[in-house]
Each structure stands twice: as structure tokens, then as C-alpha cells.
Amino acid sequence: MAISSTDATAPTFTGTGDHADNNTNSAAIISSFEPTYLQDLPRLTDYVPDLQSRPNPLDHNPYFHTVDGFYLTQSDVVLRQITYDLSGIFPSPSRHLAYHRAGPRKDIYFDSSNVRAAIVTCGGLCPGMNTVIRELVTGLWHLYGVREIFGIVAGYRGFYSMEPRLLNPKLVHDWHKKGGTVLETSRGGFDLEKIVDAIEKRGFNQVYIIGGDGTMRGAVKIYNEIKRRKLKVAVAGIPKTVDNDIGIIDRSFGFQTAVEMAQQAISAAHVEAESAVNGIGLVKLMGRNVGHIALHATLSSRDVDCCLIPETDFYLEGKGGLFEFLDEQLKENGHAVLVVAEGAGQDLIPRSEAQKEERDESGNLVFLDVGAWLKSELKNWWDRDHPGELFTVKYIDPTYMIRAVPANATDNLYCSLLAHSAVHGIMAGYTGFVAGPVNGNYAYIPLEDVAQAKNAVNTKDHKWSWVRSVTNQPDFVRC
């Protein structure tokens, strides 16, 4: 396999394999793979060419042993594609990509005594936000000796409308135990000129932006404007969304905590349904455009009889519809549990003309409550088809309970690694990137790539088939 580079400063790798292989057919197939390209990653030196490098202060940190192999180089990469079909029957992507591996570099491009770092959280709440903030502060402070670290209050608008908050390890030492974001957050308020003016005026030269896909799109604009002005300011994004809808990376932080909490709601719905005659437990989970939380919570709990996600259509009436399926479940088991992602079935819910145009502060279409609508439709259906028979629907919406909890152990560890990866990357002079895991290894990915990538549930793969085999739900394809 050959690895080429789209980065002029990065080396080109070639290789044909070092091991003899009796299976010549397999060897021939492997050697015929398309080249893998090292994805270009922006650097401050691209537009501030007179920057001088300096040795990494980790050389003198008593807790690190910077022996050979400790520092990563341009040769350390993470492959985006790690599975291949050797038969050649199914075409592989025409362009295989590799990303720079995340971690400390031998040379850095910031004098720690002159660093003024800014940290901002944007958008909705998510488990782990405070952990990321804490670890950014402790990483900058303890690893690189940075003493001027500021929290931007209330999201993007905080850059130009509020005084930043000076942070230190003592102040943030227990933030990882708290839900929400101590820095506070908001949606909207994105004014590019005012934000970059404030960054320049306050002398910030490192900006860490924590948020979802909309926030990442804003971060791209901030990076591009900083580059246009040729400011010595590095920008890093840390992707956050409980929905897990950001592409390329393995998962967003907070997602595993959300799935764990969602199971508690499903368990409660199951108890309520099982304790009633013809009882239905209805749980609405987060997922505006993707159904990852609903899918993983369904597979994890095994108490769910039907899972509805935005990536698949469903219908209520007629053969193969939801009502027919639930009728059969109630006759057979006496109860049913229904999980629905918030973005599912939005095309079925009646909307007024005003509701069709209504948008939130981030510019997203305001979704109607699919859970409340389904509860009403279920009651109408039962009253019509089973008059006089007992029937109960218990509707649970745990959205804000899930968003507001502290991160669990897995997400806490994940958030720490994300934060430290971002710090190492910026200190090494990279900018306009996102730190995140790709196939289990932490990498630096261009901000623009992440901002544009989506992570929808693939309803053609094994995982969705597994969901349907667990629930025995129909595929809702009209005959």
C-alpha cells in the first residue's frame, strides 16, 4: 500500500510488504490497493511564515519520559478506512485518506509565557462539557506552563458581549463532577466580525471551541477570518453532540452517557407498561436528524418492541403499519414499549403555515413533539378500534434529564483525551482542526471536513437489522 500526501511538508510513504506470502492472489490484490492520501492539515506557518519553533517543555516535565518514540512525527498517521473487500466485487472508495495522529510534537510554536487561551462552549447541553473545559485548563497549565486561560461566557456572543472568566486548575478541579457547563452556553449570537475583533482585541492566540455541527461550521468561519487577517491565533474544535451526528470521528462525547441514561427511561416505561392492562410505554429520545441514541438504547435494553428513527419512514394505519403491529404485541404480551427519536415522523405531524417556517436561535427548523402526537394518535386509535377496553399510554421524555447529567466514566476519560489532544495540536502549530478518534486512534481532522460530514444511521447495515431482529418490528414498507 502506498501513502501519498496532500501536505507539502509531510513525507510520502511507500511500501510493498515485507513478508513472503504463499497466497499470491491475496498478495496481488493487496498490492493493487489505491494509494492512501495524508489529509492536509492547516498550520500557523502557512500564513505566519516567520514563526520560530522551540523545544517542547515536556522535555523537562518530571512526569514524562520523552525517550525515542514519545513524540509523534509527520509519519504517524491514522487511516480512515481500515476494512477492505479483497474479492474486488464491491468497489472501495476511490480516495483513501489518512489523518495526522494526535499527540505531542518535539517542537512547538508557542512561547507558553505569551499564550492567552480562550475556551468557549456553544449550543445545547451535553454530558462531559465541564470535563473538557477542566482538562483543557489542566493540560495547558500543567503540561505547557500556560497561566492565562480564559473561559468565554454564554457561547459565541460572549466573545463580544461579556467579560471572560480567568480559569486555573484550582477553580476547575471538580468541574468534571458537574452536569451542564459552568461557563454557560447559548444558541445563536454568531457575529463573525465582532467575534474575531474581540479575539484580536483581547490578545487571545489560542481558541478552543466546544460544540456541535453548527458550532463547528461557525468555527470554520472564525478560522478562515483569522487566516485572512494573518493573525497568530490557532483554532481547535472539540465536537460535542449527544445525538452522535458528527461524521468522520468514531463518536461524539456525551453519547455513551446519553445511551446509559436513556436505558433508565426505557426501563421505567417498561415497568409502567407491564403493570397496566394493554399498557404502552412511550419514550421519546434525542435525535433530530439521526437515530443513534434510540438505536443503541434499544439494543442495550432489550425491553423495546419498536424503535422509530429519522432515517426510516413509518406509517400508522393499515396492513404493516404501527397500529397493526402494536395490536399484535398487546394481544400476545399484554404490553409494549415504543421508542421514538425526536426527529422521526415529523412529516406525519400536522403543521400550521407558521410552524412550517418556525426556527430556533441556531436556525434549525423547530420540531413538533412527536411523543405527544404519538400518544394522542395511539389513544384515538384504541378508542376507535377497541371501544370500552382498558388501555394506557405512559409517555416519558427524559431529554433534559439526559442532557444535564455529568459524564459517566467512559465519557470522562474520552473528554480528557480529546482535550489533551487539542492542546498538543495547537501547541505544535496546527490550526483549523478537530481532535477526535478515528477507528480507535486519536487524530487531527480539518475543521471544514468535520463541519460538512454527517453520521446518519445506515439502515442497510447489520446493526439496524439487529435492531429489527430484537424488536421484531415491521419495515413499514407499504405493500
Side-chain angles (χ1 to χ4, degrees), residues 5 7-11 38-78 98-119 132-150 167-169 172 203-208 223 226 231-238 413 415-438 441-447:
S5 174
D7 183 344
T9 63
L38 180 57
Q39 184 72 315
D40 191 9
L41 193 63
R43 292 171 169 269
L44 282 172
T45 51
D46 293 343
Y47 56 91
V48 188
D50 59 344
L51 284 181
Q52 298 297 313
S53 65
R54 62 190 69 238
N56 196 316
L58 292 178
D59 284 336
H60 309 292
N61 191 307
Y63 300 107
F64 290 88
H65 300 285
T66 55
V67 296
D68 288 345
F70 175 83
Y71 292 117
L72 301 181
T73 70
Q74 295 287 82
S75 303
D76 291 298
V77 300
V78 177
Y99 300 106
H100 291 273
R101 191 174 163 205
R105 265 58 178 176
K106 186 172 183 60
D107 296 317
I108 63 173
Y109 285 84
F110 282 94
D111 179 349
S112 300
S113 63
N114 294 327
V115 169
R116 284 175 62 87
I119 303 169
V132 174
I133 299 167
R134 180 193 187 278
E135 293 305 310
L136 286 172
V137 172
T138 57
L140 286 164
W141 189 285
H142 293 304
L143 300 181
Y144 289 100
V146 175
R147 294 297 180 263
E148 292 189 282
I149 309 168
F150 296 87
L167 305 176
N168 60 64
V172 305
F204 297 138
N205 50 18
Q206 295 185 4
V207 180
Y208 298 88
Y223 158 70
I226 285 172
L231 303 177
K232 185 191 172 182
V233 181
V235 178
I238 299 178
L413 173 60
C415 290
S416 299
L417 294 173
L418 283 177
H420 285 218
S421 294
V423 168
H424 289 312
I426 277 191
M427 294 301 295
Y430 293 121
T431 183
F433 71 91
V434 159
V438 178
N441 294 281
Y442 287 78
Y444 297 137
I445 311 157
L447 256 174

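What you are looking at is a predicted structure, and each value in this text was computed from that prediction instead of being measured. Residues: numbered from 1 along the sequence shown.
Around atom CZ of Arg101, no more than 12 heavy atoms belonging to other residues, nucleotides or ligands sit under 6.0 Å away. Within a 6.0 Å sphere centred on NZ of Lys106, other residues, nucleotides and ligands contribute 12 heavy atoms or fewer.
Between Tyr109 and Met427 there is no side-chain heavy-atom pair separated by less than 4.5 Å. No side-chain heavy atom of Thr66 sits under 4.5 Å from any side-chain heavy atom of Asn56. Looking at heavy atoms from C-beta onward, Ile149 lies out of side-chain contact with Tyr208 at the 4.5 angstrom threshold. Asn61 is not listed as a side-chain neighbour of His142, based on a closest heavy-atom distance of 4.5 Å or more. Side chains of Cys415 and Glu135 form no contact here, defined as non-hydrogen atoms less than 4.5 Å apart. Counting heavy atoms from C-beta outward, Ile133 and Leu167 have side chains that approach closer than 4.5 Å. Side chains of Leu143 and Pro57 form no contact here, defined as non-hydrogen atoms less than 4.5 Å apart. Proximity of Ile108 to Arg54: side-chain heavy atoms (C-beta onward) are separated by under 4.5 Å at one or more points.
Side-chain N or O atoms of Tyr223 include none that pairs as donor or acceptor with a backbone N or O of Phe433 at under 3.5 Å. With hydrogens and angles disregarded, a donor-acceptor distance shorter than 3.5 Å links the side chain of Tyr444 to the backbone of Gly425. Counting only distance, with no hydrogens or angles, the side chain of Asn205 and the backbone of Asn114 share a donor-acceptor pair below 3.5 Å.
Between Ala234 and Tyr430 the shortest heavy-atom distance is CB-O, 3.7 Å. In this structure, Gln206 and Ile426 approach most closely via the heavy-atom pair CD-CG2, 3.2 Å. Smallest separation of non-hydrogen atoms from Ala422 and Ile238: CB-CD1, 4.1 Å.
Atom OH of Tyr63 and atom CG of Leu58 lie 13.5 Å apart (nearest 0.5 Å). Of the inter-residue distances, the one linking Ile226 atom CD1 with Thr431 atom OG1 reads 6.5 Å to the nearest 0.5 angstrom.
Ring geometry, His424 versus Tyr144: the interplanar angle exceeds 60°, so the pair is classed perpendicular (tilted spans 30 to 60°). Aromatic ring pairs are classed by plane angle as parallel below 30°, tilted from 30° to 60° and perpendicular above 60°; the pair Phe64 and Phe70 is perpendicular.
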